[in-house]
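Please read the structure below before turning to the comments.
All heavy atoms count here, side chains included; hydrogens, waters and symmetry mates do not.
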Amino acid sequence: MKKILPFFLILFWASSCDVLDQIPESNFTPANFYKNADDAKAAVNSVYDPMNTAEMYNQVMWIIQDQATDDSEWGGGRSTANQAKNDLDKYTFTPATSTFLSVWSTVYRGINRANTVLERVPGITMDTELQTRLLAETKFMRGFYYFTLVRLFGGVPLLLNETTSLNNLQVSRATAEDVYAQVIKDFTEAEAVLPLTYTGADKGRATKGAATAFLAKVYLTREDWANAALKAKQVIDSGVYDLWANYSDAFLIANKNGKEAVFEVQALGGGFNEGSFMQGYMRPNFDRVNNISGFGDDPVTKNLYDTYTAADKRRDVNIRLYSATSTPAAPASVDYPAYVYKYLDPSATANGEGSNNYPIIRYPDVLLMYAEALNEQAAGNAEAFNAINKIRTRAGLAVLPSTLSQAAFRDAVLLERRLELAFEGHRWYDLVRTKRLVSAMKAQNPTIVVTDKNYLFPIPQTERDANPNLTQNPEF
């Protein structure tokens, strides 16, 4: 996807092209906006836009996906001012915790924009090929948004039409099975249309490979091993993706949307309010790079750091230790003196100006999904070993012995996912779908109370107050 600007800016630019015919920005409505191809492209851009906001991947999603796992805690000099982050880390959250409302409302904003595009854009007279592609991108994004919701909350209201009034908004939750069926439908229809690659400013938009990879992930989550393996293999066989020679190459800003990138949240630093905040949030307190002070969020657990061996080339790319003798010193509130390093942008001049993309799916994720799905169908599959060993070899580790049992291989894949995909938003989902969340959190911190109810997050209380038809997840 090309850099997605906020919808109001897109509309403003569109309206100011002809000064004599300018329509005031505040007067844009679906009735007078969806007139031409530029309007269609602007509307589709607005569907992507919620991803790169503080309510999603610029902050909230990695709080959920990291700090609610054994990979990260909450700490840093601002811990007393961020109760919601501390509650995610310590599992003391409630339905009133603001984090859940942030992601819920932002994702549904993206869904409603997608529904509007799918209803309005077909009526525009424009190039048919471009129109078909834009609609496929929109279906992909709607599938992505519903996949996010169903994995976090279970069954949610399934809205497939444009919301045009404040009437009839008290919608009940669909079943998780119905939501997953719609996710598969949207990804499948997108997959059939989307191109394999883009050029120029369109790089980063949803591709056929992204839709296929997400189908693999949906099927893996549903334990449909045959279809998960089939879809992962299709991505592998497409010839579009490959591993960089060095693990660190995958996170170089110069390599954004490169050969490992299946789908990424786009970021553009430089003062346009479209950059990544990750490099600011995650860098240590008082670490001065270009005179920027970090916030010290997302500190790394000793549990994760010790899981890497000294020979693993990925450890020092993903994690750095505070020095005992130099600035910065580890904040007193941090249990272990380690911080996330992989997203630091050395060229950024402000916390919100990082140009690091956030990887949603990288090619190694596809290889590991393929290995896992093959192993679950039968032990000793040579292709499964080949897939995981490609990743281990690059990391400087020995190949797995071919004599591993099915159970041992299962453990090896989960471990490899943790080490390879650290801080890329997969750990919580992996622990949930493998039913290992409770045991993993107890091993990391025995004082944290995690039970089976925590395999889903609570429905936001504010939403339930407004909609009495929304039931709550058990035990919340």
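For the 3.5 Å distance criterion, the side chains of Lys208 and Gln234 fail to qualify, holding no donor opposite an acceptor. Side-chain atoms of Thr92 and Asp87 include a donor-acceptor pair closer than 3.5 Å. In summary, the side chains of Tyr48 and Glu137 do present a donor paired with an acceptor at a separation below 3.5 Å, with no hydrogens or angles considered. At a cut-off of 3.5 Å, with distance as the only test, no side-chain donor of Thr301 or Glu73 sits close to an acceptor on the other residue. In this structure, a donor-acceptor pair under 3.5 Å is present between the side chains of Asn318 and Tyr308. Looking only at atom types and distance, the side chain of Glu264 has a donor-acceptor partner in the side chain of Asn357 under 3.5 Å away. No donor-acceptor contact under 3.5 angstrom links the side chains of Asn52 and Gln266, judged on distance only. Side chain to side chain, Asp178 and Gln182 fail the donor-acceptor criterion of an N or O pair below 3.5 Å. Looking only at atom types and distance, the side chain of Asn356 has no donor-acceptor partner in the side chain of Ser276 under 3.5 Å away.
When the options Arg392, Arg410, Lys390 are evaluated for a salt bridge (charged side-chain N to carboxylate O under 4.0 Å, His left out) with Glu416, the one that passes is Arg392. Put simply, the residue from Gln472, Arg464, Glu463 that forms a side-chain contact (heavy atoms from CB on, under 4.5 Å) with Pro95 is Gln472.
For the pair Tyr455 and Val438, the minimum side-chain heavy-atom distance is below 4.5 Å. Looking at heavy atoms from C-beta onward, Phe153 lies in side-chain contact with Val103 at the 4.5 angstrom threshold. Residues Val366 and Tyr241 form no side-chain contact, since every pair of their non-hydrogen atoms from C-beta on lies 4.5 Å or further apart. Residues Asp70 and Arg418 form a side-chain contact, since some pair of their non-hydrogen atoms from C-beta on lies under 4.5 Å apart.
Stacking of Arg142 on the aromatic ring of Tyr146 is not recorded, the 6.0 Å distance cut-off and the 45° axial limit not both being met. Tyr363 does not carry Lys259 over the face of its six-membered ring by the limits of under 6.0 Å from the centre and within 45° of the normal.
Between atom CZ of residue Phe423 and atom CG of residue Asp71 there is a gap of 5.5 Å, rounded to the nearest 0.5 Å. Residue Leu88 holds its CG atom at 4.5 Å from OG1 of Thr99, rounded to the nearest 0.5 Å. For the atom pair CG (Leu194) and CD (Glu189), the distance works out to 11.5 Å, reported to the nearest 0.5 Å. The CD1 atom of Ile391 sits 10.0 Å away from the OH atom of Tyr247 when rounded to the nearest 0.5 Å. Atom CD of Gln406 sits about 11.5 Å away from atom CG of Leu404, to the nearest 0.5 Å. Distance CG/Asn112 to OG/Ser46: 10.0 Å, rounded to 0.5 Å.
Closest non-hydrogen pair, Phe100 versus Pro458, comes out as CE1-CG, 3.7 Å. The shortest non-hydrogen separation linking Gly110 to Pro50 is CA-CG, 4.0 Å. Residues Phe187 and Gly143 share a closest heavy-atom pair of CZ-C, 3.5 Å.
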Next item on the list: Test Ile388 against Leu367 for side chain to side chain contact (heavy atoms under 4.5 Å, CB included), laying out the working first.
Entry: CA-CA 7 Å; Ile388 193 172; Leu367 290 174; over 6 Å; no
Next item on the list: List the steps, then state whether side chain to side chain contact (heavy atoms under 4.5 Å, CB included) holds for Lys41 with Met126.
Entry: CA-CA 11 Å; Lys41 287 186 285 187; Met126 59 181 290; 5.8 Å; no
Next item on the list: Kindly determine whether Arg362 and Asp365 satisfy salt bridge (Lys or Arg N to Asp or Glu O under 4.0 Å), including the steps that lead there.
Entry: CA-CA 5 Å; Arg362 282 194 300 119; Asp365 186 6; over 6 Å; no
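Proximity of the aromatic rings of Tyr91 and Phe93 is defined here by a centroid distance below 6.0 angstrom, and this criterion is met. The aromatic ring centres of Trp62 and Tyr281 sit less than 6.0 Å apart. Remark: aromatic rings of Phe409 and Phe385 are close, center separation under 6.0 Å.
With Tyr34 contributing its side chain and Ile124 its backbone, the two residues share no donor-acceptor pair below 3.5 Å. Side chain of Arg173 to backbone of Gly155: a donor-acceptor contact under 3.5 angstrom is found.
Relative orientation of the Phe147 and Phe214 rings is perpendicular, given thresholds of 30° and 60° on the angle between their planes.
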